[in-house]
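Below is one structure, written out as structure tokens; comments come after it.
For ligands, and for the atoms within them, numbers begin at 1 and follow the listed sequence.
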Amino acid sequence: MTERLAAYAQRLFGLTLTAQQQAQFAQYAAELEAWNKTRANLTAITGIEAIEIRHFLDSISVLSGVDVPHGARLVDVGTGGGFPGMPLRIVRPDLRLTLLEATAKKVAFLRHVADILNLTDIHFLNARAEEAGHMPEHRERYDIATARAVARMPILMEYLLPLVRIGGQCVAMKGESAARETDEAANALCILGGQVARIVPIHLPDVAEPHYLVVINKVAPTPREYPRRPGVPARKPL
Ligand code: SAM
């Protein structure tokens, strides 16, 4: 089954998956299905082909939107079952990855998967983004912050930008509302030190809905009062 994933990764993103990486994706898909049925509601997407395309390929599409330098520090905010962070770490073992997730049960799943896939050195952070953004070891420490299906752009920018160093980038994975949401985030970007770099369309096999990567450059420091207290960004978006 991972032959299909390997063929798509090669064709769409020019990535050659090794036999070990293919085996890791196969194990990951199996664990996702097993935990989804019994322990944690991790994803509405089920079936190997859908997992391969809508989770794995979609996640690694991030690499076609931004240049990720060797050894880059990447934080995936609201990673849930590990998307896009974990597939990115599988295809790019050099990444220094932090998986940030508010729900403890999901973090337990992620630790389990990293363990059985033998992915060492991943940092797990069971916290809210609003808390992590004030922790000295995380604030403005990352080269790249990613997020998929976490919040609308004005809110998401308050989660991501405080974590990124000046010169770093945020990648928000969005659907058809990408351009509209990005326009709505103009005020948040201005306050938090972000600037729109580009919106990159992504085409996945047999997926009709449009996918986009919204790439934001961090161009100025985020003022100390941001992010605001947990829940405030969502209740009162900038
Ligand atoms: N990114 C994954 C994906 O695309 O499959 C999960 C998406 S899921 C819809 C949203 C996840 O974001 C949930 O696991 C939720 O717990 C997490 N989340 C939402 N708000 C958050 C916050 N402020 N800080 C940390 N995690 C958050």
Side-chain angles (χ1 to χ4, degrees), residues 25 28-29 31-33 35-36 39-47 50-62 65 74-90 97-114 122-135 138-139 142 144-164 170-178 181 185 188 192 202 204 207 209-214 222 226-238:
F25 277 118
Y28 190 4
E31 290 300 320
L32 203 55
E33 292 227 286
W35 276 57
N36 215 29
R39 286 188 250 188
N41 193 13
L42 294 164
T43 173
I45 294 168
T46 54
I51 288 173
E52 284 184 341
I53 294 173
R54 290 172 178 268
H55 283 324
F56 299 161
L57 267 188
D58 194 32
S59 293
I60 63 181
S61 76
V62 166
L74 187 148
V75 59
D76 186 27
V77 173
T79 191
F83 307 111
M86 195 78 99
L88 286 171
R89 175 63 177 70
I90 292 174
L97 174 68
T98 297
L99 295 175
L100 168 55
E101 169 53 50
T103 307
K105 214 190 249 185
K106 294 182 182 179
V107 177
F109 169 77
L110 297 169
R111 286 184 191 279
H112 168 75
V113 168
I122 294 179
H123 188 80
F124 302 93
L125 185 56
N126 184 197
R128 291 190 59 111
E130 299 94 314
E131 298 164 327
H134 288 287
M135 296 175 185
H138 297 289
R139 186 176 176 88
Y142 291 94
I144 299 173
T146 56
R148 186 182 79 163
V150 174
R152 291 182 65 80
M153 281 296 281
I155 305 163
L156 192 62
M157 289 302 99
E158 195 167 346
Y159 295 164
L160 301 190
L161 277 167
L163 296 166
V164 176
C170 304
V171 184
M173 304 176 73
K174 290 286 173 187
E176 62 177 355
S177 63
E181 285 190 43
L192 300 167
I202 298 293
L204 298 174
V207 173
E209 321 88 80
H211 285 225
Y212 298 95
L213 304 175
V214 181
T222 299
Y226 300 100
R228 292 167 291 167
R229 286 193 314 281
V232 179
R235 272 201 313 279
K236 295 181 186 171
L238 292 171

Show me which atoms of ligand 1 lie under 4.0 Å from any heavy atom of [X].
| X | result |
| --- | --- |
| Lys106 | 13 (C), 14 (O) |
| Thr103 | 16 (O) |
| Tyr159 | 23 (N) |
| Arg128 | 23 (N), 24 (N), 25 (C) |
| Ala127 | 25 (C) |

(message) Quick one about His55 and Arg148 (side-chain donor to acceptor, distance below 3.5 Å, no hydrogens or angles considered), yes or no?
(response)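 Side chains of Arg148 and His55: pair found under 3.5 Å.
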(request) Please confirm whether Ala132 comes under 4.0 Å of ligand 1, counting heavy atoms of the residue only. (result)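 Under 4.0 Å: no for Ala132.
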(message) Any atom of ligand 1 sitting under 4.0 Å from a heavy atom of Thr79?
(response)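 Contact present.
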(message) Classify the ring geometry of His112 against Phe109: parallel below 30°, tilted from 30° to 60°, perpendicular beyond 60°.
(response)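 Rings of His112 and Phe109: tilted, as their planes differ by 30° to 60°.
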Report yes if the side chains of [X] and [Y] come closer than 4.5 Å at any heavy-atom pair, otherwise no.
| X | Y | result |
| --- | --- | --- |
| Arg139 | His134 | yes |
| Val214 | Met153 | yes |
| Leu99 | Met86 | yes |
| Val232 | Glu130 | no |

(message) As a check for students: among Gly78, Ala149, Ala234, Gly231, identify the option with a heavy atom nearest to atom 6 (C) of ligand 1.
(response)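 Nearest option to atom 6 (C) of ligand 1, by heavy atoms: Gly78.
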(message) Heavy atom to atom 20 (N) of ligand 1, shortest distance: which of Leu100, Asp58, Leu99, Val150 holds it?
(response)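 Minimum heavy-atom distance to atom 20 (N) of ligand 1 goes to Val150.
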For [atom], closest protein heavy-atom neighbour:
| atom | value |
| --- | --- |
| atom 22 (C) of ligand 1 | Ala129 N, 3.8 Å |
| atom 23 (N) of ligand 1 | Glu130 OE1, 2.9 Å |
| atom 26 (N) of ligand 1 | Ala102 N, 3.4 Å |
| atom 4 (O) of ligand 1 | Arg148 NE, 2.6 Å |
| atom 17 (C) of ligand 1 | Glu101 OE1, 3.5 Å |

Give yes if a backbone or side-chain nitrogen or oxygen of [X] is under 3.5 Å from a nitrogen or oxygen of ligand 1, and no if not.
| X | result |
| --- | --- |
| Pro84 | no |
| Gly81 | no |
| Val77 | no |
| His55 | no |

(message) One residue to check: Ala147. Relative to ligand 1, which of side chain, backbone, both or neither has a non-hydrogen atom less than 4.0 Å away?
(response)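 Neither part.
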(request) Determine whether the side chain, the backbone, both or neither of Met173 has a heavy atom under 4.0 Å from any heavy atom of ligand 1. (result)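 No part of Met173 comes within reach of ligand 1.
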Value rounded to 0.5 Å, distance of [atom1] in [X] from [atom2] in [Y]:
| X | Y | atom1 | atom2 | value |
| --- | --- | --- | --- | --- |
| Tyr226 | Leu161 | OH | CG | 12.5 Å |
| Arg128 | Thr103 | CZ | OG1 | 9.0 Å |
| Ile51 | Leu32 | CD1 | CG | 4.5 Å |

(request) May I ask you to decide if Lys236's main-chain N or O and Arg228's side chain share a donor-acceptor pair within less than 3.5 Å? (result)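 Confirmed, Arg228 side chain pairs with Lys236 backbone.
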(request) Ignoring hydrogens and angles, tell me if any N or O in the side chain of Glu209 forms a donor-acceptor pair with the backbone of Glu176 under 3.5 Å. (result)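 Judged by distance alone, no pair lies under 3.5 Å.
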(message) How close do Gly80 and Glu101 get, counting heavy atoms only, and between which atoms?
(response)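 What the structure gives for the nearest pair is N-OE1, 2.9 Å.
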